[in-house]
Amino acid sequence: MSAEPIWFLANLMEIHYPADGDQPGLIEVTAPSGDMPPLHVHADEAEAFYVLEGSLEVWVGTGVHRTLAAGEAVRAPAGIPHTYRVGPAGARFLVPASARFEAFVRAVGEPAPERVLPTPAPPDLERLGALAAAAGITLLGPPGALPTSDAAVAASA
């Protein structure tokens, strides 16, 4: 089965196999240096990251701040605010994905005509927030906000 490439914000997402019911799918993410999604929380799903190449600086709640290199992983439990920043060399990493998260990726993104990073463009945060909410994800701040903020502490309470 060939991976399905999708341009998702600043990233190339490749769905290697889709989620099936309650069985997760697998998404490979290629992200540029410095990429950082908005601080967010998944209401009822954990999110995990396994680094293949490059590095990710990851924040999970107020207690976890780690830099992951190739071969390292971290999980953000459901209900815990989290975000990451891609290291200076960019990164490739794997994310197990529920059907709901996969639908979010497809709704926000667009089919990638080639397997390269998309041209950077600022996201429509209102649209992104609405699509995230439909997927059970609450955006807690703009890119750059960390889980040490008041919003993150309130969301995890």
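Because only heavy atoms are used, hydrogens play no part in the values below, and waters and symmetry mates are left out as well, while side chains stay in.
- For the ring-ring contact (aromatic ring centres under 6.0 Å, His included) condition, the pairs that include at least one residue of residues 68-87, sequence neighbours left out, are His40-His82, His42-His82, Phe49-Tyr84, Tyr84-Phe93.
- Residue pairs meeting the side-chain hydrogen bond (donor to acceptor under 3.5 Å, both in side chains) criterion with at least one member in residues 99-124, sequence neighbours excluded: Glu4-Arg106, Glu14-Arg115, Asp44-Arg100, Glu102-Arg106.
- Leu140 CG to Leu146 CG: the interatomic distance, rounded to the nearest 0.5 Å, is 11.5 Å.
- By the criterion of side-chain heavy atoms lying less than 4.5 angstrom apart, applied directly or through intervening Ile, Leu, Val, Met, Phe, Trp or Tyr residues, Val95 is grouped together with Val60 in one hydrophobic cluster.
- Within the 4.5 Å cutoff, side-chain heavy atoms of Pro143 are placed close to those of Pro38.
- For the pair Ala91 and Leu56, the tightest heavy-atom approach, listed with the atom from each and the gap, is CB-CD2, 4.2 Å.
- Sorted by first and then second residue, the side-chain hydrogen bond (donor to acceptor under 3.5 Å, both in side chains) pairs involving residues 52-61 (not counting sequence neighbours) are Glu53-Arg92, Glu57-His65, Glu57-Arg85, Trp59-His65.
- Partners of Tyr50 by ring-ring contact (aromatic ring centres under 6.0 Å, His included), not counting sequence neighbours: none found.
- Residue pairs satisfying the salt bridge (charged side-chain N to carboxylate O under 4.0 Å, His left out) criterion with at least one member in residues 62-83, sequence neighbours excluded, are absent.
- A continuous path of Ile, Leu, Val, Met, Phe, Trp and Tyr side chains, each step under 4.5 Å between heavy atoms, connects Val105 with Val29, placing both in one hydrophobic cluster.
- Looking only at side-chain heavy atoms (C-beta outward), Leu9 and Val108 come within less than 4.5 Å of each other.
- Between Leu94 and Leu52 the shortest side-chain heavy-atom distance falls below 4.5 Å.
- When all heavy atoms of Ala97 and Ala19 are compared, the closest pair comes out as O-CB, 3.5 Å.
- In plain terms, the two heavy atoms of Ala145 and Leu39 that are nearest each other are O-CB, 3.6 Å.
- Going from atom OG of Ser98 over to atom CD of Glu47 covers 9.5 Å, rounded to the nearest 0.5 Å.
- The heavy-atom pair separating Leu139 from Gly129 by the smallest distance is CD1-CA, 3.6 Å.
- The CD1 atom of Ile137 sits 10.0 Å away from the CG atom of Leu131 when rounded to the nearest 0.5 Å.
- Of all heavy-atom pairs between Pro37 and Thr83, the closest is O-OG1, 2.8 Å.
- Residues Pro123 and Leu128 come closest through the heavy atom pair CB-CD2, 4.5 Å.
- Phe8 is connected to Leu125 through a chain of hydrophobic side-chain contacts under 4.5 Å among Ile, Leu, Val, Met, Phe, Trp and Tyr, so both are in one cluster.
- Identified under the side-chain hydrogen bond (donor to acceptor under 3.5 Å, both in side chains) test for residues 29-38, with sequence neighbours left out: Asn11-Asp35.
- In the hydrophobic cluster analysis, where Ile, Leu, Val, Met, Phe, Trp and Tyr join through side-chain heavy atoms closer than 4.5 angstrom, Leu12 is grouped apart from Phe104.
- By the rule that hydrophobic residues join a cluster once side-chain heavy atoms approach within less than 4.5 Å of another member, Val86 and Val64 end up as members of one cluster.
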